[in-house]
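Order of the sequence lines fixes the chain letters, A, B, ..., with proteins taken first and strands second; residue numbering starts at 1 for each chain.
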Amino acid sequence: MMDLDERKRHILKALINDYIVTAEPVGSRTIAKRYRLGISSATIRNEMADLEDMGYLEQPHTSAGRIPSDKGYRVYVDCLMGSEKLSNQEIELIKNSICSVIEGEINRIIKEMTKVLSALTNYTVMVMAPQTMNSMVKHIQLIAIDDLHVMAVVVTNFSVVNSSSITLSRPIDSDKLMTINNILNDKLKGLTLEEINLKIISEVQNSVTGYSEIFNEIIPILYKSLKKRDKGEIYLEGSSNIFNYPEYNAIDKAKQFLTMLDKKDLLRNLLSCDGD
DNA sequence: CCACTAAACGATATTTTGGT
DNA sequence: ACCAAAATATCGTTTAGTGG
């Protein structure tokens, strides 16, 4: 990461700046001209070749400029771009939105933060709940609908409420149902999907002998409720901001693309999409 | 003398232009 | 609409100049 000397860093920074604005590969000459680093394009060319060897840049094809690689963006973000202080106004916006949802469920909070981030940056923002945010059982409620039908409601800390009905082969009285309900909550509340292992399951199973029917139905429901969140819902805000940036100067590109296509090309494109 | 810089050259890929 | 030639952009390498 820090195997970059001062000059390489300058060049990398200039190149990425340029690329962010133009979304076109950036050549050595462009950098020499536009950024006045006091060195010639040839020197920059050499440095760029080094940077490419080191994996910070990529070349779409020979005789094109370079574009930053993921690794290049990484150092840009980590060390090169510098940071700006937030304005008071921006800080207020963040504070307010936090206050408005702080009591809420975590998915509302994430959604709100996604919105704020998009509003502050004018970028399209996608947020995915990280793996560590495993959902956890908050409450289980069994509700008797009639003698043979029970509604199972599972609430997780993500406020995901999953209700499913269970059909029994023989009736159950409400006292017994209550007991089972309590056992389930006792044993499972606060546990994440990973923590509900075989040991716990068999423990619960032993405690509710005679009503394995309910139990057997409950497990998949639990699993589904927790899994739902673990799949990592994606929060998306500001999708229209995509149009603000050159890489996706979509209207122009789309126009170009469409005029480029005649029927034959269109057909070919459609067919080749299949293969990929 | 060596390391480094920059100019010059040749090669290659893309884009534009112009004729059919 | 299509193709080929010309113009353009960029690279990598070689070569010459320069300061320590």
Distances for protein N/O vs nucleotides 15-20 of chain C N/O pairs under 3.5 angstrom?
none

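In this structure, A:I31 places its CD1 atom 13 Å from C1' of C:dC11, rounding to the nearest Å. Computed from coordinates, the A:R29 CZ to C:dG12 C1' distance equals 17 Å when rounded to whole Å. Atoms CG (A:D50) and P (B:dC4) sit 11 Å apart, rounded to a whole Å. Atom CD of A:Q59 is separated from atom C1' of B:dT14 by 13 Å (rounded to the nearest Å).
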Requested in this report: With side chain to side chain contact (heavy atoms under 4.5 Å, CB included) as the test, would you mind laying out the steps for A:N181 and A:L177 before giving the verdict?
Outcome: CA-CA 6 Å; A:N181 200 148; A:L177 191 65; 5.7 Å; no

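Taking a cutoff of 4.0 Å between a charged side-chain nitrogen and a carboxylate oxygen, A:K115 and A:E237 do not qualify as a salt bridge. A salt bridge links A:R66 with A:E52; the closest basic N to acidic carboxylate O contact falls under 4.0 Å. Ionic pairing of A:D78 and A:R74 is present here: one or more N-O contacts between side-chain nitrogen and carboxylate oxygen are shorter than 4.0 angstrom.
One finds the CG atom of A:L148 at 6.5 Å from the CG atom of A:L168 (value rounded to the nearest 0.5 Å). Considering CD of A:E92 and CG of A:L86, their distance stands at 12.0 Å, rounded to 0.5 Å.
Here the side chains of A:I183 and A:L188 are not in contact, with every heavy-atom distance at 4.5 Å or above.
Only one option out of A:I218, A:V153, A:N182 pairs with A:L142 in a side chain to side chain contact (heavy atoms under 4.5 Å, CB included); it is A:I218.
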Report summary line: Per-nt protein contacts along nucleotides 5-10 of chain B (heavy atom under 4.0 Å; B base, S backbone sugar-phosphate only, - none) come out as SBBB--

